[in-house]
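Protein chains get the first letters and strands the later ones, always in sequence-line order, with residue 1 at the start of each.
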Protein chains: 2
Amino acid sequence: MNLKELSKNLGLSPTTVSRALNGYPEVSEATRERVRNAAQQHNYHPNTRAKALATGRAMAIGHVIPLSNQHEMVNPVFGDFISGAGEVYAQRGYDMVLSIVDDGQEERAYRDLKAKGTIDGVIIHGPHRNDPRPALLTDLGLPFVVHGRTAADPDSYWWIDMNNAQAFYRATRFLLDLGHRRIALFNGLEHMDFALRRRNGYERAMTEAGLTTDTALMRSEEMSESYGYLHARDLLKTDTPPTAFLVSSIIMALGVRRALDELGLRMGQDVSILTHDDGLSYFPNGGDVPIFTSTQSSVRQAGRMVADMLIERILTPTAPPKSHLLEAALIVGSSTGPAPKDLST
Amino acid sequence: MNLKELSKNLGLSPTTVSRALNGYPEVSEATRERVRNAAQQHNYHPNTRAKALATGRAMAIGHVIPLSNQHEMVNPVFGDFISGAGEVYAQRGYDMVLSIVDDGQEERAYRDLKAKGTIDGVIIHGPHRNDPRPALLTDLGLPFVVHGRTAADPDSYWWIDMNNAQAFYRATRFLLDLGHRRIALFNGLEHMDFALRRRNGYERAMTEAGLTTDTALMRSEEMSESYGYLHARDLLKTDTPPTAFLVSSIIMALGVRRALDELGLRMGQDVSILTHDDGLSYFPNGGDVPIFTSTQSSVRQAGRMVADMLIERILTPTAPPKSHLLEAALIVGSSTGPAPKDLST
DNA sequence: AATCACTTCCAAAGCGCTTTGAACACGAAC
DNA sequence: GTTCGTGTTCAAAGCGCTTTGGAAGTGATT
């Protein structure tokens, strides 16, 4: 069923039917109602391609996902993020198109997407410190919103980020207040912008407390369960093990907890763990009393917000850049407790 | 840059340029070469929407992901699957469009996608035993390939599945050969087709060994870390705990291992774990010697194969249904060992 | 009865591409 | 010198929609 057929069916011109369906005022309410009913009844949906061609708007939003060959890895956070974004798209009539792209081919991917007119805008995931994408996309004239930020010039584009520095500052202070002094930081890869901001928050809190940060207690690594386990085990076997771990991801925290279990240490008593929790649906952090004390910020919610912002950006091409900084909640669970008395005293 | 501009630029008609670019024979090689160069130089890419409209082919493939409200859950397997599929799409010039859809709205989603002409075909994820989707899509005339199978009539459509029954049959036999008799089965939700097939494989092996299956040892649950932990802990505290766990997902297996650690039981000695391993990039199963003994089958590879098959299906509309059954490899790691001597003997 | 201001509808052009059917040039064949 | 292929190019229609620029109809106003 297409426009022509439907309009013939109704004894109206395609023009009128189109206007009726798209809410133009030059059509009587009676006609509009009649058209709407007929459309519904025949399950008429305007052909997206034709509509896109006619309007110049693709009604689709792109996500380009680089796939590096070394460590083939699809961030588990990604699933939750797009499911949040996808809700918004569905609701507002946009399609979501994903491009899996070999690492290093990203620029070409964006150029092609633009040239082919497949999409109206893109979302940038996982920005590095010095990410070239904002400049590239600005250059191409392809609307975009960054989930996160870059180091340089964040005022020049649209973004939504979590306040990583503040979250980890507060988390570190929380552990310090409990008497911990040797606090390990298990961070993500620090060429990622979020990771460096987290480290900065941690270091600021330590410094303010008059402590020197000890690089021996800091790790910067892909946030997998096994790395969490391996590094925790190594650290706990040293002469001066940490009494608390500040961890960047709940998946990594699972690994740290495994190391504790294996060494017979009680979480929240012998050793504390405080983790960031993205609210991943597949790794629920316990029930009424969360297992892990954590800084929480739902990545699915972020997905919704970023999607909304991008659509706004697309619809108001001339508006100046906006941004939004989300604060993580610090939620106490049972994985933290006062630092154990130092036996050497 | 569009066709008209490019052709004017070259002093040719749009027709000729189009044919040159699309490899039609009615164009001299000299001209074709000249056109190709110009296209490359100007980064000309035909507008997808226009092309789609003219050819009737959208050059896009859909994935509809139901999002149930109760347990908002994006299967972690999904990320790996689409990254495999995405590779193939990219290579063959297809776009991937994702629709996140409220549970129960799925049928409408498919109808709409068809009516809007956004896509040329869809992939069906996670089929239930009695999944209505194959019938629906056949009815709609929307080409599709199922990743997995349904109980009824799998010969009537295209699918690629892992041989779940055989994998779990072999896994169970492996544990039986090691002397285990009380083998727990931690399965996925058994209205899912794959899960029931796995149970069937397990039960067949047990029965063939002259053992009765004990429902007290069987769980059917979402495959999360916490469920693995909770159920394993409960079972291990009973009077007659299992000596081995057969687990449907490596994520769940992590939970089982945690229960062992917590109870001071040594994995592979006191208690064995054998898990299915989808080869998820974020949960690598160890290095040279895998941690978990597992039935392995890469879901990313499956993604590639399903995508290839769907494209074939789209290009040959009249071909009879094809299917492909993948065998999982049974790979020995360090999580299994002989059943401990029964102390009560 | 003529004019005006709406309201309601429509014909036709255009979005960027493919594809059909025809035209043109050129040399070979009659 | 006409006819016929052959190779190469093009004009124009069409894909399904939106949108511009009227045109017809309706009732109120002069």
Student: Nearest 0.5 Å, what's the NZ-CD distance between A/K322 and A/E312?
Tutor: 3.5 Å
Student: For the pair made of CG in B/L12 and C1' in D/dA11, what is the distance, rounded to whole Å?
Tutor: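 Roughly 14 Å, once rounded to whole Å.
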Student: C/dT8 P sits how many Å from A/L10 CG, rounded?
Tutor: 17 Å
Student: For the side chain of A/L53, starting at C-beta, report the closest nucleotide among D/dC10, C/dG16, C/dT8.
Tutor: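 Nearest nucleotide to the side chain: C/dG16.
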Student: Taking protein heavy atoms under 4.0 Å as touching, what does nucleotides 17-22 of chain C look like 5' to 3' if B marks base contact, S marks sugar-phosphate-only contact and - marks none?
Tutor: BBBBB-
Student: For the pair A/T55 (side chain) and A/K51 (backbone), establish whether a donor and an acceptor sit closer than 3.5 Å, ignoring hydrogens and angles.
Tutor: yes
Student: Can you say whether the rings of A/F81 and A/H147 are parallel (under 30°), tilted (30 to 60°) or perpendicular (over 60°)?
Tutor: parallel
Student: Counting distance only, does the side-chain N/O of B/S298 pair as donor-acceptor with the main-chain N or O of B/R300 below 3.5 Å?
Tutor: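 Yes, B/S298 side chain to B/R300 backbone: donor-acceptor pair under 3.5 Å.
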Student: Examine D/dT9: is either OP1 or OP2 under 4.0 Å from a nitrogen or oxygen in the side chain of B/T31? Give yes or no.
Tutor: yes
Student: If only atom types and distance count, is the side chain of A/R32 paired as donor or acceptor with the main-chain N or O of A/A20 below 3.5 Å?
Tutor: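 Pair found, side chain donor or acceptor close to backbone of A/A20.
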Student: So, the side chain of B/T150 versus the backbone of B/D131: is there a donor-acceptor pair under 3.5 Å, distance only?
Tutor: no
Student: Could you state the CD-P distance from B/E5 to C/dG16, rounded to the nearest angstrom?
Tutor: 8 Å
